[in-house]
Amino acid sequence: MSETPPNTLQYRFDGPEDAPVLILGPSLGTTWHMWDRQVPELAQQWRVFRYDLPGHGGAPAHPAASVTELAGRLLATLDALGVHRFGYAGCALGGAVGVELALRHPERLASLALIAASPRFGTADEFRQRGVVVRTNGLDPIARTSPDRWFTPAFAAAQPAITDWAVQMVRTTDPGCYIAACEALAAFDVRAELGCVGVPTLVLVGSDDQVTGPAEARTLVAGIPDARLAVVPSASHLVPVEQPAAVTDLLVRHFSTAWQPAFDASTGQMAIVAAPVKPVLAAAPPAAPVTPVAEIAPAQAQPPATVGPDGYETGLKIRREVLGDAHVDRELEQADDFSGDFQNLLTRTAWGEIWHRPGLDRRTRSCVALTALVAGGHLEELAAHTRAALRIGLTPDEIKEVLLQTAVYCGMPVAGRAFRVAQRVIEEETTPAE
């Protein structure tokens, strides 16, 4: 166990002190206990290191704004412990941390396993919407629906204790850290960089995963050189919990046979080290035998990124972050030869110049934008900017205060219409999905 400064992570070790280190990274909303069923076997041959995400499992609530920052905190923790090289297995958000390590710090990584992972997790709008729900309603709605996302219906029905454990695990997470993790996933997109992953990689996914399923897994395999794919039948998103024996077997096999030796910069040679010996595994329960299916997906070329002049790309990025992909895509798709130049001007000036300026933060700019739209009577734009305000981090109560202020300075009739627009949007955005 550990005491945790803000720039590090809460952690624990299991296994022999002189064994190679194997790190297990958790999914959003879980704790290191999601790996409890894997540790007894893995700890026979590896020094197993598990960590909690900020605000999860009682860890200090120091939110991390990006996957890059999470990876940096993990490395700072390992540096303080004198751990320089390691294998890494991560689930979902933990898998994103693993990809980040492979891309930015390949010299630290001996082998990689990505579980229920993706090079891009859904859309940015989906995770920002989840942040809006948590900010407004707390974590209880997310906690109650977690078993539906994490487990197959048959498993959830047969294992009520594990289902209750999952709900409590999410419910006791710090809301601010959960929202920050959603923002980190919203911004994560390494599709164009997968070809740069040079560490031996296993991609593992549950056959029934509806969050990051086999399609996302095949995208990883197609992009990462020589990656291997294992599909575990009768498992959903938290496959290490639902099919622990199958996952343990796959991890042992992968890390026993695909442990890349360290590169010696002084000689330019690879150091030859003995691979860990595969421990003897307990047999899978006879009532539910699981045989993983291995596949190799064909490589798919990634389209080249386009770069526009005069800050257009910067403006487009900010515009999407504030207004959401769906709104911006709709606006751009409706543009034609007549209105296209206006969309270009709007993106470059309003978003690439004004919203990009450091003098005001986005919350303040959002309050100004709401006020200006009401003052000008531009209520057709108010719905989009109310959604943007929620996504940026304003609460419904704060939006109400802005509109009350406009009632005094802009007039009661227009403020009344603005309240009706904002009320409709807030109800839509803060009502948890069924």
Under 3.5 Å, is there a donor on one side chain and an acceptor on the other for [X] and [Y]?
{"X": "T68", "Y": "E100", "answer": "yes"}
{"X": "R171", "Y": "Q168", "answer": "yes"}
{"X": "Y88", "Y": "R108", "answer": "no"}
{"X": "R253", "Y": "T257", "answer": "no"}
{"X": "E41", "Y": "Q44", "answer": "yes"}

Determine whether a donor-acceptor pair (N or O, by modelled atom type, separation under 3.5 Å) exists between the side chain of [X] and the backbone of [Y].
{"X": "D174", "Y": "P54", "value": "no"}
{"X": "R37", "Y": "V241", "value": "no"}
{"X": "T406", "Y": "T371", "value": "no"}
{"X": "E193", "Y": "V190", "value": "no"}
{"X": "D125", "Y": "A326", "value": "yes"}
{"X": "R362", "Y": "V322", "value": "no"}

Aromatic plane relationship, F121 with F127 - under 30° parallel, 30 to 60° tilted, over 60° perpendicular = perpendicular

Which residues share a side-chain hydrogen bond (donor to acceptor under 3.5 Å, both in side chains) with D226, sequence neighbours left out = none

Any side-chain heavy atom of L229 within less than 4.5 Å of one from R218?
-> yes

For the residue pair L9 and D52, establish whether any side-chain heavy-atom pair is separated by less than 4.5 Å.
-> no

List the steps, then state whether side chain to side chain contact (heavy atoms under 4.5 Å, CB included) holds for F49 with L78.
-> CA-CA 10 Å; F49 176 102; L78 296 171; 3.9 Å; yes

For the pair T152 and E242, evaluate side chain to side chain donor-acceptor pair (under 3.5 Å) and give the outcome as yes or no after the intermediate values.
-> CA-CA 8 Å; T152 60; E242 191 159 3; 2.3 Å; yes

Flag if over 12 foreign heavy atoms under 6.0 Å of NE2, H105 | yes

